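Order of listing sets the numbers, starting from 1, for every ligand and every atom in it. Since the structure is predicted, the reported quantities are computational estimates derived from the model, not experimental observations. What's counted below: heavy atoms across the whole structure, side chains too, no hydrogens, waters or symmetry copies.
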Amino acid sequence: MSEDNKIGLLDSGVGGLSVLSELYKIMPNGNYVFFGDTKNVPYGTKTPEEIFNCTKKILEFFISKNIKTAVFACNTTSAVAYDRLKEHFKNEIKIYPLIQSVAKYSIDGLKDNDTIAVLATKATINSKKYEKEIKKYNPNINVVGIDCTGFVEIVENRLYNDQEALSLIKSKLDFAKENNAKRIVLGCTHYPYLTNIFKNILDVEYFNPAQNIAQIVKNDIKSNSTNGSLDFYVSKNPQEFILSAKTFFDVKECKLHEI
Ligand code: DGL
């Protein structure tokens, strides 16, 4: 991978690090630029137009840094803005969307009439993107979408011991249980930070799309021969980002870039 073959990963905040960490594990020599849009987090309660505009600015920033490959380490952006952005930037940057890339793997081993629950942001659930993509591979799987508004704030603000936060999480998992979900998709990249809490409440299979998207990107990007680099940018509060990231990724330095 030459210096100009950088990979830009984007998310509204620390969630995208759950994808970066998988990519970094299997491609430690890659040159990565991560952008967390902490000024605009959460994306999940914004309109598709607002999400499109935020993501467009991040892609313009990537393009200004000569980045040719972008990974949407964000389900919400993949759900509501990918199609337009792909068209808009078709000659400038290749984009890997999350949901569209992993839907097929999320139902591996499931049978007709099995139920899969998708925990995701309001915008992702409203888009029904997981359901549409999963049904392309098996129309007989039941897909139950659960709007988990509030989970992103729990992660961004590290509210892991907050009682209100824990009862919100429990209420969403209870709903998955009532629907006999055999598997739960972590349909927002912030949710892998909550996996231990989830597992303590409900003992089912959890599907984290991060590994699959990382593998897909690695398979496409053949050469991998530099020393590697990691650059982090956020649109607000770099120090907060470093603190919240810690559970998942040890970010040493993070720069502020307003969009
Ligand atoms: N982590 C992102 C996702 O996967 C965005 C969450 C948000 O900002 O609402 O959907």
Chemist: For atom 2 (C) of ligand 1, what is the nearest protein heavy atom, given as residue, atom name and distance?
Modeler: Asp11 OD1, 3.0 Å

Chemist: Under 4.0 Å from a heavy atom of Thr121: give me the atoms of ligand 1 that qualify, with their elements.
Modeler: 6 (C), 9 (O), 10 (O)

Chemist: Can you list the ligand 1 atoms lying under 4.0 Å from a non-hydrogen atom of Ser12?
Modeler: 5 (C), 6 (C), 7 (C), 8 (O)

Chemist: Against heavy atoms of Thr76, which atoms of ligand 1 measure under 4.0 Å?
Modeler: 3 (C), 5 (C), 10 (O)

Chemist: Within ligand 1, which atoms have a heavy atom of Gly44 less than 4.0 Å away?
Modeler: 7 (C), 8 (O), 9 (O)

Chemist: Identify whether the distance between the nearest side-chain nitrogen and carboxylate oxygen of Glu60 and Lys65 falls below 4.0 Å.
Modeler: no

Chemist: Out of Thr149, Asp37, Asn75, whose heavy atom is nearest to atom 4 (O) of ligand 1?
Modeler: Asn75

Chemist: With respect to Thr124, determine whether any N or O atom, backbone or side chain, lies less than 3.5 Å from an N or O atom of ligand 1.
Modeler: no

Chemist: Please report which non-hydrogen protein atom sits nearest to atom 6 (C) of ligand 1, along with the residue it belongs to and the distance in Å to one decimal place.
Modeler: Val152 CG2, 3.5 Å

Chemist: What orientation do Phe35 and Phe62 show, parallel under 30°, tilted 30 to 60°, or perpendicular over 60°?
Modeler: perpendicular

Chemist: Between Glu240 and Arg158, does any NZ, NE, NH1 or NH2 come within less than 4.0 Å of an OD or OE carboxylate oxygen?
Modeler: yes

Chemist: Among all protein heavy atoms, pick the one closest to atom 7 (C) of ligand 1 and tell me residue, atom and distance.
Modeler: Tyr43 N, 3.3 Å

Chemist: Under 4.0 Å between a Lys/Arg side-chain N and an Asp/Glu carboxylate O for Glu22 and Lys25?
Modeler: yes

Chemist: Looking at Tyr96, I'd like to know if the NZ or CZ of Lys94 sits under 6.0 Å from its six-membered ring centre while staying within 45 degrees of the ring's axis.
Modeler: yes

Chemist: Are side-chain N/O atoms of Thr124 and Ser127 paired as donor and acceptor at under 3.5 Å?
Modeler: no

Chemist: Would Asp174 and Lys172 pass as an ion pair if we require N to O under 4.0 Å?
Modeler: no

Chemist: Any nitrogen or oxygen of Thr189 lying under 3.5 Å from a nitrogen or oxygen in ligand 1? Just yes or no.
Modeler: yes

